[in-house]
Amino acid sequence: MAKQLNVGIIGYGFMGRTHSNAYRNVHSFFSDVPYEPVLKTICGLEEKEAKAFAERWGFKSHTTDWHKVMDDKSIDIVDICVPNNYHAEIAIAAAKAGKMIICEKPLARTGKEAEPMVQAVEKAGVANLVSFNYRRVPAITLAKKLIDEGRLGRIFHYRANFLQDWTISTKVPQGGMATWRLDVKAAGSGVTGDLLAHCIDTAMWQNGPIASVCAMTETFVKERMNVDTGKVEPVGIDDACTFFCRFKNGSLGNFESTRYARGHKALFTFEINGEHASIGWDLHDLHRLSYFDHRDDSQVRGWRSIHVTDGDMPYMGHWWVPGLQIGYGETFVHQLADFLDGVAKDKPASPTFREALATQYVCDAVLVSAKNGKWENVKA
Ligand SMILES: NC(=O)c1ccc[n+]([C@@H]2O[C@H](COP(=O)([O-])OP(=O)(O)OC[C@H]3O[C@@H](n4cnc5c(N)ncnc54)[C@H](O)[C@@H]3O)[C@@H](O)[C@H]2O)c1
């Protein structure tokens, strides 16, 4: 019999839905994980919406006060799906209450804000994970496996993009619940913390630590209406960011993110070039991995498009039959399965708060470099 674990999710927005879906499905698809999550409490700002969400997703209760989730002794896991400015306060309270914690990315707005979160979970000895879910796209997990097996040989280049186009209009406001990402007080930064954090986490997982960065950022729309104050105010986030970096292993990195690439909604891509082979991936075709191996017979040498659906591919044995693909939502199921498996085996799933702090430090260095126009070393 699987042990039941009560879950309290803070935030019923986009991520509240992906995480609720994962809790509902993880035990059905990953039956080897010896826990069965129970959706106990959903918390969000609006009473009516929280109640409706609870009814729709099958939560036993709802609240508009996250402190109540910490006070509820029956809750085992606190799952943080709120804007970035609330992560630290809620996570530290959850750690003090002895809860296991899953926190959405980025861990916090800055490294300085994230450090006490790391200390709190380590002092409390509670299981903790940051939701960098792209690691759990089967094709990305496969890419990591191929790199670890040494198939690429020495790595020379890592390049990644995350392109969107939803803030080009000057009429898009900042602040409020719909556009908190444009308000620096809530988000901490723009595309750097929101989008590049994903690229950086994936890159360091695959290719090791980033040692130094040289960045430029731009805020194309300098003023926007702030929904919270009703006034037109300066915009404090980076609309676009491009940075070069040196990885500790000697390879060179090239990262770009923007919300001003007309025609792109969520184009996360990466390419890795090694001595023997190269790998490429594209979120719009997320079940495929591109692979080129120079050691192939020259007559059939070329880029392969691997359809990552067979049962021996990462995670895929838990899903349908070979040839049938899965999507974005399932990455959160995989993340949860790994988290619960880590709890069962006392072997923490990655990235823990401490591991995610490294990504935060890269983001910090990128923003400092963009300001001072110089190369910045990343805090170790
Ligand atoms: N892993 C990913 O791919 C991914 C994707 C999107 C967002 N995120 C991250 O998830 C987090 C949430 O983003 P989202 O897109 O779900 O946001 P959202 O705007 O869709 O939802 C935010 C939720 O937070 C709730 N909330 C806000 N302040 C609160 C408070 N003080 N107390 C209780 N509830 C509060 C709101 O009611 C709302 O339900 C962010 O940190 C974001 O960076 C991660």
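These numbers come from a predicted model, not from an experiment. Counting starts at 1 for both ligands and their atoms, in listed order.
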So for atom NZ, which belongs to Lys144, do other residues, nucleotides or ligands contribute more than 12 heavy atoms lying within a distance under 6.0 Å? yes
When rounded to the nearest 0.5 angstrom, what distance separates OG in Ser61 from CG in Leu39? 10.5 Å
With the 4.5 Å side-chain cut-off for hydrophobic clustering, are Val368 and Val184 part of the same group? no
Return a table of N or O atom pairs, ligand 1 on one side and protein on the other, at distances under 3.5 Å, rounded to 0.1 Å.
from	atom 1	to	atom 2	distance (Å)
ligand 1	1 (N)	Glu104	OE1	3.0
ligand 1	1 (N)	Ser131	O	3.4
ligand 1	1 (N)	Asn133	OD1	2.9
ligand 1	3 (O)	Asn133	OD1	3.2
ligand 1	3 (O)	His198	NE2	3.3
ligand 1	3 (O)	Tyr328	OH	3.1
ligand 1	15 (O)	Arg181	NH2	2.8
ligand 1	16 (O)	Phe14	N	3.4
ligand 1	16 (O)	Met15	N	2.8
ligand 1	19 (O)	Trp180	NE1	2.9
ligand 1	20 (O)	Phe14	N	3.0
ligand 1	37 (O)	Leu45	N	3.1
ligand 1	39 (O)	Tyr12	N	2.9
ligand 1	39 (O)	Gly13	N	3.2
ligand 1	41 (O)	Val82	O	3.2
ligand 1	41 (O)	Asn84	OD1	2.6
ligand 1	41 (O)	His87	NE2	2.9
ligand 1	41 (O)	Lys105	O	3.2
ligand 1	43 (O)	Asn84	OD1	3.3
ligand 1	43 (O)	Lys105	O	2.8
ligand 1	43 (O)	Lys105	NZ	3.3

Side chains of Asp72 and Lys40: does their closest heavy-atom pair fall under 4.5 Å? yes
For Phe353 versus Leu129, what's the shortest heavy-atom pair and its separation? CE1-O, 3.7 Å
Cluster question for you: counting only ILVMFWY and a side-chain heavy-atom cut-off of under 4.5 Å, with indirect links fine, are Phe59 and Phe14 together? yes
